[in-house]
Amino acid sequence: MLLQVLGTAAGGGVPQWNCACPGCSGARAHPARRRRHASLAVRADDDHWYLINATPDLADQIESTPALHPRPLGRRTPVAGLVLTDAELDHTLGIARLREGDRIEVLATAPVRSALCDRARLDGLLTPYAELEWRELGPVPVPLCDGSDVVISAVPVSDKRPRYAANGAGTAGGSGAPRNVDPWVIALRLHDRRTGGTAVYAPALAAWPDAFQEALGGADCALIDGTFWDDEEPRRSGICPRTATGMGHLPIDGPNGTARRLAPLTARCFYTHLNNTNPLVDPDASQHRTMAEMGLAVAAEGMEIAL
Ligand code: MLT
Ligand code: MN
Ligand code: ZN
């Protein structure tokens with residue numbers, strides 16, 4: 001299995017267009033600090049890659065990644081489809097950027113599909129351009145595409161809905177299931193049946209369910225929500241009156257932090273989905289040393305992970 005990190009920033013990116021916080025200003029002054037929205041590409045086989053989430057900068061991510069370039073002679077693209085971890089705008093706005101294709105395969109849970117089609121009206125918007133072909137993603141591993149050794153499954157993490165689908169009927173799973181089991185936000189488990197390699201991708205962690213801990217226990221590599229360094233960061237920086245946890249992102253540091261849960265794992269763990277207020281966007285920040293001492297690091301864009 002081959003994974004390629006396409007982006008590592010939370011919504012807004014680094015720098016964010018309307019922000020001059022130290023992280024955003026630093027990225028304007030030092031272009032090497034720029035980060036695209038969090039995304040990952042997974043190779044299903046020699047000719048097929050899937051993008052995990054469709055960010056607003058998806059087209060630039062494809063251009064920066066030769067493996068994703070179209071093949072000579074016509075419009076043959078190795079980008080076979082999308083996998084969505086949630087319905088948030090920073091993970092879905094890029095779907096419309098693929099409208100030049102005839103059809104776009106999208107693997108998503110039922111609530112995510114419903115939010116995008118019934119609330120955001122994405123199906124209706126795109127149908128005149130390209131057909132969206134939905135495949136439901138659930139807890140049972142399925143091949144990424146026909147004949148692929150890579151199987152994918154969803155590990156439900158939380159029922160945090162995007163703001164545009166915050167309430168009301170018609171957005172849930174449709175099954176009448178209790179809200180607390182609706183898979184609005186999932187982690188992905190990717191497993192290569194040939195090599196035995198396993199990766200977990202979880203860019204939005206409002207909670208840490210047992211099933212998620214179990215998935216991590218069997219993983220060789222994990223890419224994890226690193227939106228905020230500590231719980232007070234959103235309030236301290238003035239971007240939001242809520243804590244990180246209140247915004248649906250467990251912080252890295254502190255008693256409820258993810259670092260102390262990841263450090264004992266055998267999996268190689270990398271943080272992604274960094275907000276521009278996170279001190280880790282500065283490569284000289286002391287917090288990088290704190291993490292390194294725990295065997296943790298921030299994912300680098302362009303990084304390849306072979307499992
Ligand atoms: C999140 O990660 O919490 C969302 O992407 C926030 C947003 O884009 O509004
Ligand atoms: Mn986000
Ligand atoms: Zn900023």
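Just so you know, ligand 1 is whichever comes first in the structure, and atom 1 is the first atom listed for that ligand. Residues take their numbers from the sequence shown, with the count starting at 1.
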Item to check | Side-chain donor-acceptor pair present, Asp86, His91, cut-off under 3.5 Å | outcome: yes
Checklist entry - Are side-chain N/O atoms of Ser148 and Arg193 paired as donor and acceptor at under 3.5 Å? => result no
Checklist entry - What is the number of protein N, O or S atoms that sit under 2.8 Å away from the Zn ion (ligand 3)? => result 3
Checklist entry - Can you find a side-chain donor-acceptor pair between Ser39 and Asn53 that sits under 3.5 Å? => result no
Item to check | Nearest non-hydrogen partners of Ile104 and Ala130, listed with the distance | outcome: CD1-CB, 4.2 Å
Checklist entry - How about Tyr50 and Glu105: does a side-chain donor come under 3.5 Å of a side-chain acceptor? => result yes
Checklist entry - Ignoring hydrogens and geometry, is there a side-chain-to-backbone donor-acceptor pair from Arg36 to Leu6 under 3.5 Å? => result no
Checklist entry - Under the criterion side-chain hydrogen bond (donor to acceptor under 3.5 Å, both in side chains), which of Thr227, Thr8, Asn278 is the partner of His273? => result Thr227
Item to check | Atoms of the protein (N/O/S only) found under 2.8 Å from the Mn ion (ligand 2) | outcome: Asp90 OD2, His273 NE2
Checklist entry - Is the backbone N or O of Gly226 less than 3.5 Å from a side-chain atom of His249, with the two atoms forming a donor-acceptor pair by type? => result no
Next on the checklist: Tell me if a side-chain donor or acceptor on Asp192 pairs with a main-chain N or O of Gly197 at a distance below 3.5 Å.
Outcome noted: no
Checklist entry - For residues Gln4 and Thr65, is any side-chain donor paired with an opposing acceptor at under 3.5 Å? => result no
Next on the checklist: Within the 4.5 Å heavy-atom criterion, are Leu188 and Thr85 side-chain neighbours or not?
Outcome noted: yes
I'd like a table of the close N/O pairs between ligand 1 and the protein (anything under 3.5 Å), one pair per line with both atom names and the distance.
{"residue": "ligand 1", "atom": "2 (O)", "partner": "His249", "partner atom": "NE2", "Å": "2.9"}
{"residue": "ligand 1", "atom": "2 (O)", "partner": "His273", "partner atom": "NE2", "Å": "3.4"}
{"residue": "ligand 1", "atom": "3 (O)", "partner": "Lys160", "partner atom": "NZ", "Å": "2.8"}
{"residue": "ligand 1", "atom": "3 (O)", "partner": "His249", "partner atom": "NE2", "Å": "2.7"}
{"residue": "ligand 1", "atom": "5 (O)", "partner": "Asp90", "partner atom": "OD1", "Å": "2.8"}
{"residue": "ligand 1", "atom": "5 (O)", "partner": "Asp90", "partner atom": "OD2", "Å": "3.2"}
{"residue": "ligand 1", "atom": "9 (O)", "partner": "Arg163", "partner atom": "NH2", "Å": "3.4"}

Item to check | Ionic contact status for Glu233 with Arg236, cut-off 4.0 Å | outcome: no
Checklist entry - Which residues pass the ring pair (Phe, Tyr, Trp, His ring centres under 6.0 Å) test with Phe270, sequence neighbours left out? => result none
